Amino acid sequence: AFCGWKNVAPVSWAQHTQGTSSPGTGPSAAFEGSKYVYVEASEPALPGDLFILESPPYAMSSTVSFNISFMYHMFGLGMGGLHLKAKNGTGSWEDIWSVTGDHGDQWLPVTLTVPPGFETLRFDAIAGADWRSDIAIDAVTVQTSTTTTTTTTTPASTTPPASTGIEACNCGFGNGLCNWTSSGIHKWVRHTGSTRSGGTGPPGAHEGNYYAYVESSSPNYPDKIFIMESPTFLAGQPRALYFAYSMKGSTMGTLSLQYTDGAGSWATIWEKSGDQGDGWFTDSAEVPGIAVQLRFKAVTGTSYKSDFALDTITASEVAPTSPPPMEAAAAGTCTFEHDFCNWLDVGEEPWTRRSAGTPSSNTGPSAAIEGTYYIYTEASGSNKNKIFTLETPRFAVNPVSSSRTT
């Protein structure tokens, strides 16, 4: 299906015919023939996810170059980037071509020469700020040559939003807190691996090796406030902030994302309270046009089991929009081995991911029906007569035709 090319990342390129599942992004058909390959940027993909498609090795020569030509399609307001890389004789990958942003609903041609000394190629597609960033390639041809490089692109047919500088909020915590600042008496800190307290905090970073977190051990509870402020940026159109968070702990407090218009007060645009279970969760919030700064505010719970963590913060000049309906099978299928998949915890009290038995005797399962994890409702303590609600995302319903005879 991939003519010798192979997927080498956790998220995969896919072969497809006709249009992709999301409106406003992706091609409507292959450039030639009936099939092309593309990356699907809708959930469960996340902003910044890397899709790698690697060629088979070629006979490396120190004197002979080879040509590669291909068509690419990058249409969508949330568009990310596409890179062509080549591996040299030392095993290092070098960028030899790249493009970012929305280039309109059209297939665009590229022809270039790979210099002598490279043995393998790969396409790296990086998911953009939201689901409107499906990237596709087609008609890839590689042949030995010594011709000169030519690269042809067509000007983009759409105009991106004016920059307000909100991209300065991007941070994966690989290099400190980036442009964010921990203010106040109690500090967010950068960390790798698990936190020092059992039963709370993530086991490691969401991506890479580092994340930012709140250590809630004594004397940092109860109701201690930890604030991490973004750099300032300009007001403008509504924008988006995407992020990963961890809130595991039986006495978890509250995490909120707030903005200010510069007049001194802060307003909340996103908030979560209580134990959200194991693992990392991703979410987004619309940043109002009047906003000029953001901050995350964590308030610890009643014991040390309330470590908060943040990672993979990505800002976009484009406001988040609801993705199109998913297929029903994709929306509802989940083994809960890593997270809640696409299910949404929307009740008074949270469902919890767990392995082995529940904390209470004579109730609950002793283990998952398959794999290691399952989800459950904890009825102990103050949870009597509480409502636990787990909801699927919106999914497409295909009408079923029926006939009746009388």
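It should be emphasised that the depicted structure is a prediction, and the values quoted were computed from it without experimental measurement. For this chain, numbers begin at 1 and follow the sequence in order.
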Undergrad: Looking at CG of Leu121 and CH2 of Trp5, how far apart are the two atoms once the value is rounded to the nearest 0.5 Å?
TA: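 Going from CG on Leu121 over to CH2 on Trp5, the span is 5.0 Å.
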Undergrad: Flag the pair Thr300 / Val214 as yes when at least one side-chain heavy-atom distance between them is below 4.5 Å, and no otherwise.
TA: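 A side-chain contact exists here, since the closest heavy-atom pair is under 4.5 Å.
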Undergrad: Grab the two heavy atoms, one from Trp270 and one from Ala285, that are nearest each other, plus how far apart they are.
TA: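 The pair with the smallest heavy-atom distance is CB-CB, 4.1 Å.
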Undergrad: Which of parallel (below 30°), tilted (30 to 60°) and perpendicular (above 60°) describes Phe340 and Phe281?
TA: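 Correct class here is tilted.
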Undergrad: Counting C-beta onward and ignoring hydrogens, is there a side-chain heavy-atom pair between Tyr242 and Asp130 closer than 4.5 Å?
TA: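 Tyr242 vs Asp130: side chains touch.
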Undergrad: A quick test of your reading: do over 12 heavy atoms of other residues, nucleotides or ligands sit less than 6.0 Å from CG of Asn175?
TA: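 No, CG of Asn175 has 12 or fewer neighbouring heavy atoms, counting only those of other groups under 6.0 Å.
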Undergrad: Donor-acceptor pair, Thr260 side chain versus Gly262 backbone, under 3.5 Å?
TA: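 Looks like yes, one N/O pair under 3.5 Å.
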Undergrad: Contact between Trp131 and Pro23 at the side-chain level, heavy atoms closer than 4.5 Å - yes or no?
TA: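 Yes; the side chains approach each other to less than 4.5 Å.
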Undergrad: Measure the spacing between NZ of Lys297 and OG1 of Thr254 and express it to the nearest 0.5 Å.
TA: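 Answer for the NZ-OG1 pair, Lys297 versus Thr254, is 9.5 Å.
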Undergrad: For the residue pair Arg190 and Tyr210, would you count it as a cation-pi contact if the rule is NZ or CZ under 6.0 angstrom from the ring centre and within 45 degrees of the ring axis?
TA: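 Judged by the rule (NZ or CZ under 6.0 Å from the ring centre, within 45° of its axis), Arg190 counts as positioned above Tyr210.
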Undergrad: Do the two ring centres, one from Trp351 and one from Phe336, sit under 6.0 Å apart?
TA: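 Ring centroids of Trp351 and Phe336 are no less than 6.0 Å from each other.
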Undergrad: Establish, from distance only, whether the side-chain atoms of Ser21 and Glu40 form a donor-acceptor pair under 3.5 Å.
TA: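 Note: Ser21 and Glu40 side chains meet the donor-acceptor criterion.
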Undergrad: We want to know whether Asp138 and Trp107 form a side-chain donor-acceptor pair, criterion being a heavy-atom distance below 3.5 angstrom.
TA: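 Absent: no donor and acceptor within the cut-off.
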Undergrad: For the side chain of Arg353 and the backbone of Glu337, is there at least one donor-acceptor N/O pair under 3.5 Å apart?
TA: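 Side chain of Arg353 to backbone of Glu337, a donor-acceptor pair under 3.5 Å: yes, one is there.
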Undergrad: If you take all heavy atoms of Phe173 and Ala212, which pair is closest and at what distance?
TA: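 Taking every non-hydrogen atom into account, CE2-CB, 3.6 Å.
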Undergrad: So does Phe118 get a backbone contact from the side chain of Asn88, meaning a donor-acceptor N/O pair under 3.5 Å?
TA: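 No, the answer is negative, given that no donor and acceptor are paired below the 3.5 Å cut-off.
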Undergrad: What is the minimum heavy-atom distance between Ala30 and Ser34, and which atoms define it?
TA: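 Heavy atoms only, the tightest pair is CB-C, 3.7 Å.
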Undergrad: Can you see whether Thr268 engages Ser256 through a side-chain donor-acceptor pair at a distance of less than 3.5 angstrom?
TA: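 No, Ser256 and Thr268 have no side-chain donor paired with an acceptor closer than 3.5 Å.
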Undergrad: Answer yes or no: are there more than 12 heavy-atom neighbours, outside Glu271 itself, under 6.0 Å from its atom CD?
TA: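 Buried by this count: over 12 neighbours within 6.0 Å.
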Undergrad: Which of these, Ser217, Ser216, Ser194, Ser246, sits in a side-chain hydrogen bond (donor to acceptor under 3.5 Å, both in side chains) with Asp307?
TA: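 Only one option passes, and that is Ser216.
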Undergrad: Would you confirm whether Asp102, through its side chain, and Met79, through its main-chain N or O, come within 3.5 Å as a donor-acceptor pair?
TA: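 Between the backbone of Met79 and the side chain of Asp102 there is no qualifying donor-acceptor contact (under 3.5 Å).
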Undergrad: State, yes or no, whether a side-chain contact exists between Phe243 and Asp283 at a heavy-atom distance under 4.5 Å.
TA: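 Side chain of Phe243 against side chain of Asp283, heavy atoms only: contact under 4.5 Å found.
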Undergrad: Between Asp261 and Ile290 (side chain of the first, backbone of the second, donor and acceptor by atom type, cut-off under 3.5 Å), is there such a pair?
TA: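 Answer holds: no.
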Undergrad: So, Tyr373 side chain and Ala356 main chain: donor-acceptor pair closer than 3.5 Å or not?
TA: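 Looks like no, no N/O pair under 3.5 Å.
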Undergrad: Could you tell me which non-hydrogen atom of Ala168 sits nearest to which non-hydrogen atom of Pro231, and how far apart they are?
TA: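 Minimum heavy-atom separation between Ala168 and Pro231: O-CG, 3.7 Å.
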Undergrad: Hey, what's the ring geometry for Phe308 with Trp188, parallel, tilted or perpendicular (30° and 60° as the breaks)?
TA: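 It falls in the tilted class, 30° to 60°.
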Undergrad: Counting N and O atoms only, with roles assigned by atom type, does the side chain of Lys187 sit under 3.5 Å from a partner on the main chain of Gly184, one being a donor and the other an acceptor?
TA: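 The answer is yes, because a donor-acceptor pair under 3.5 Å joins these two groups.
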Undergrad: Could you tell me how the ring of Trp280 sits relative to the ring of Tyr211: parallel (under 30°), tilted (30 to 60°) or perpendicular (over 60°)?
TA: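 Answer is perpendicular, since the angle exceeds 60°.
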Undergrad: Spell out, as yes or no, whether a donor-acceptor pair under 3.5 Å connects the side chain of Asn7 to the backbone of Ser12.
TA: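 Pair absent, no side-chain N/O of Asn7 close to backbone of Ser12.
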Undergrad: Just verifying a value: how many Å separate Leu84 CG and Glu94 CD, rounded to the nearest 0.5 Å?
TA: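 The CD atom of Glu94 is 12.0 Å from CG of Leu84, to the nearest 0.5 Å.
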Undergrad: Any side-chain to backbone donor/acceptor pair from Glu207 onto Ala205? Under 3.5 Å, distance only.
TA: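 Not confirmed, Glu207 side chain does not pair with Ala205 backbone.
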Undergrad: Take Phe123 and Phe70 through the ring-ring contact (aromatic ring centres under 6.0 Å, His included) test and state the conclusion after the steps.
TA: CA-CA 11 Å; Phe123 285 101; Phe70 58 92; 4.9 Å; yes
Undergrad: Within a strict 4.5 Å, meaning less than it, do heavy atoms of the Leu50 and Val11 side chains meet?
TA: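 Sidechains of Val11 and Leu50: no contact.
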Undergrad: Output the distance between atom NE2 (His191) and atom CG (Asp311), rounded to the nearest 0.5 Å.
TA: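 Reported value, rounded in 0.5 Å steps: 12.5 Å.
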Undergrad: Hey, does Glu215 have a side-chain heavy atom less than 4.5 Å from the side chain of Val189?
TA: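 No, too far: nothing below the 4.5 Å cut-off.
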Undergrad: Taking all atoms of both residues into account, what is the closest heavy-atom pair of His103 and Val99, and its distance?
TA: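 Heavy-atom minimum between the residues: NE2-CG2, 3.1 Å.
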Undergrad: Nearest 0.5 angstrom please: Ile137 CD1 to Leu108 CG, how far?
TA: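 Atom-to-atom, Ile137:CD1 and Leu108:CG are 13.5 Å apart.
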Undergrad: Are the side chains of Leu294 and Phe233 in contact, using a 4.5 Å heavy-atom criterion?
TA: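 Side-chain contact under 4.5 Å: yes.
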Undergrad: Verify whether one side chain among Thr314 and Asn170 offers a donor that lies under 3.5 Å from an acceptor in the other.
TA: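 Per modelled atom types, Thr314 and Asn170 side chains form no pair under 3.5 Å.
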Undergrad: Between Asp105 and His73, is any pair of side-chain heavy atoms under 4.5 Å apart?
TA: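 Result yes, sub-4.5 Å side-chain heavy-atom pair found.
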Undergrad: What are the two closest heavy atoms between Gly80 and Ser133, and how far apart are they?
TA: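 Nearest heavy atoms, Gly80 then Ser133: N-CB, 3.8 Å.
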Undergrad: About how many Å separate CD of Glu119 and OG of Ser55, when rounded to the nearest 0.5 Å?
TA: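 Between atom OG of Ser55 and atom CD of Glu119 there are 9.0 Å.
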Undergrad: Counting neighbours of NZ on Lys6 that are heavy atoms of other residues, nucleotides or ligands and sit closer than 6.0 Å, is the number greater than 12?
TA: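 Counting other residues, nucleotides and ligands, NZ of Lys6 stays at 12 neighbours or fewer.
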Undergrad: Please check this pair: side chain of Glu317 against backbone of Arg239, looking for a donor-acceptor N/O pair closer than 3.5 Å.
TA: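 Pair absent, no side-chain N/O of Glu317 close to backbone of Arg239.
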